[in-house]
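Presented below is the structure to which this report refers.
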Protein chains: 2
Amino acid sequence: MVAKLKHYIDITDAEHKLLGALEKTERSTSAGEEIFAGGDVNKNLFVVKYGWLYTYTNLPDGGRLVVRVYHAGDIIGMPALAFDHHTVNLRAVTKGCLCPFPKSELDVIVKRAPRITALLFTIAAREEAILVDTLRAASRMRPESRVAHLLLGLHARLKITNSQMGNRFRLPLNQTDIGDAIGLTNVTVSRTFSIMEKKGLIERVDGEIILIDLCELERQCDFQDRHAAMDTSWFPSS
Amino acid sequence: MVAKLKHYIDITDAEHKLLGALEKTERSTSAGEEIFAGGDVNKNLFVVKYGWLYTYTNLPDGGRLVVRVYHAGDIIGMPALAFDHHTVNLRAVTKGCLCPFPKSELDVIVKRAPRITALLFTIAAREEAILVDTLRAASRMRPESRVAHLLLGLHARLKITNSQMGNRFRLPLNQTDIGDAIGLTNVTVSRTFSIMEKKGLIERVDGEIILIDLCELERQCDFQDRHAAMDTSWFPSS
DNA sequence: CGTATGATTGAGCCTACTCAACTATTGTGG
DNA sequence: CCACAATAGTTGAGTAGGCTCAATCATACG
């Protein structure tokens, strides 16, 4: 996580030490494992060391909504900071490793490291902007644009921690998961992928996705990369 | 705003003074006025003194998505904290009054008032949880549940600052606005309201909404009140 | 090699959309 | 105060796109 935060601001030794405390505990996850469920008592946040995970909620009609996909360097559980119970479920997609830390450790950061606090605040704000983008795409766009938005979002996210990645990446989600993330059935996801491949927008090779026509993909879902830059101009001095 | 924050934690005189600084500038708004547009340079956040407003974005196909409705005591612009440009548009629904304050004033709070910082952080986290609820309802539920969710959300929000309100409130949004907020057309909103009225779930009198069968409304959209309580247990001492 | 999971494809249906006409309400200027 | 315009809401008819159901094909794994 420190590596990811360094991307945005310089971090002093003292700050580094405070952040290190958040990653002192480790917990490995196996593919498909349920880490916590909505309604569980919520004392911890999690930093992702590696692996893919997602949060989801069940819908009253039996459906399922995949809220957000997480990768190495992400912090899981910010929205739940406001409540003493979890609001969503967390599931590991692949093998991975998490660092749980109690909410209460944040108080030290808030008290002693105003720059880190501001940065975390900003990251939370960005999460909200990303969620609005998701709402835009998943509730109001045609299937092709929804898929495009999901793929571009994952790609932009993965590029931060893996800059020489190119336009190709492994996608460990099945089509039902994808459908639950963008509000389609697995059937429609399948048909949509086929159409996009036929159009020359993407390719699928060995369970990896290749984004062939990035420009057209970005155009059709009005994509904004929320990861590239953040406004740190208002931050206090350290 | 101070009145609203007091709801959750005690506020010392020093903290009160810092917060007061955020509300020293005022700006009145007229009904239908556009306050800012997505892409505008973003230096200010806004505290709502009174009036109704909403943020929205335009969709690539010409549609519109109403993201969030704001009332007295709300802070507008948290998600934009992460960027130097606005990510959405803001429009006033009714006459009202806003207190704009520069982002840079937050740095003083982050440095000097850790409890207030923690509280603002928590409010941002709650906004995210609310947005997930919106995503759930607006992208995946039947029209009736979507309307129910919107009405209950507004009602829960208005109750905080107006505790003896009962189950009746004025709704200054037209059916096109409502549709844009929950992913329906004005036509479907009209039909849905009629059905819900016929079923005895709600009533409409003089442009006001009366929630007749609260339990059934809550049941059918799986409603959670995110405003009632917040977890402040992890906050630092002041 | 057999089983389980995941992906593809086809047929038919259903729901919210579009288009359009009409009614109701609100606001404004003469 | 009335006439007119503009905005908002209602209702009907027909359409279309994504869903459901179901069968088949592909791949991975023990």
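Owing to the predicted nature of the structure, the values given are computational and were not obtained by experimental measurement. Order of the sequence lines sets the chain letters (A, B, ...), proteins ahead of strands, with each chain counted from 1.
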>> For A:Ile209 and A:Phe193: C-alpha separation, side-chain torsions, deciding distance, then whether side-chain contact (heavy atoms from CB on, under 4.5 Å) applies.
In response: CA-CA 10 Å; A:Ile209 295 283; A:Phe193 267 123; 4.0 Å; yes

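Side-chain atoms of A:Arg191 lie closest to C:dG10 of the nucleotides C:dT8, C:dG10, D:dG12. Picking from C:dT9, C:dT18, C:dA16 the nucleotide with the shortest atom distance to the side chain of B:Leu184 gives C:dA16. Out of C:dC19, D:dC19, C:dA16, the shortest distance to the side chain of B:Val187 is found at C:dC19.
Checking the phosphate oxygens (OP1, OP2) of C:dA24, no side-chain nitrogen or oxygen of B:Arg204 falls inside 4.0 Å. The phosphate of D:dG9 (OP1 or OP2) has no side-chain N or O of B:Ser190 nearer than 4.0 angstrom. OP1 and OP2 of D:dG18 both lie 4.0 Å or more from every side-chain N or O belonging to A:Thr185. Using a 4.0 Å cut-off, no side-chain N or O of A:Gln175 falls inside it from OP1 or OP2 of C:dT5.
Atom CD of B:Glu144 and atom C1' of C:dT15 are 14 Å apart (whole Å). Following rounding to the nearest Å, B:Asp61 (CG) and C:dC17 (P) show an atom-to-atom distance of 12 Å. Across the protein-nucleic acid pair, B:Lys198 atom NZ and D:dT11 atom P stand 7 Å apart, rounded to whole Å. Regarding A:Asp180, its CG atom lies at a distance of 14 Å from the C1' atom of D:dC19, rounded to whole Å. Summarising the geometry, the separation between CD1 on B:Ile209 and P on D:dG9 is reported as 10 Å, rounded to the nearest angstrom. Separating the CG atom of A:Asn186 from the P atom of D:dC19 is a distance of 9 Å, rounded to the nearest angstrom. Put simply, CD1 on A:Ile178 is 14 Å from C1' on C:dT8, counting in whole angstrom units. Atom P of nucleotide D:dG9 and atom CD1 of B:Ile195 are separated by 17 Å, given to the nearest angstrom.
The six-membered or imidazole ring of A:Phe36 lies near that of A:Phe46, with a centre-to-centre distance under 6.0 Å.
Evaluated for a side chain to side chain donor-acceptor pair (under 3.5 Å) with A:Asp133, the options A:Gln224, A:His149, A:Arg226 yield exactly one hit, A:Arg226.
In this model, a donor atom of one side chain and an acceptor atom of the other lie less than 3.5 Å apart for A:Tyr54 and A:Asp177.
Remark: side-chain polar atoms of A:Glu34 are not paired, donor with acceptor, to backbone N or O of A:Asn89 under 3.5 angstrom.
Within 4.0 Å (heavy atoms only), A:Gly183 reaches sugar-phosphate atoms of the nucleic acid but no base atom.
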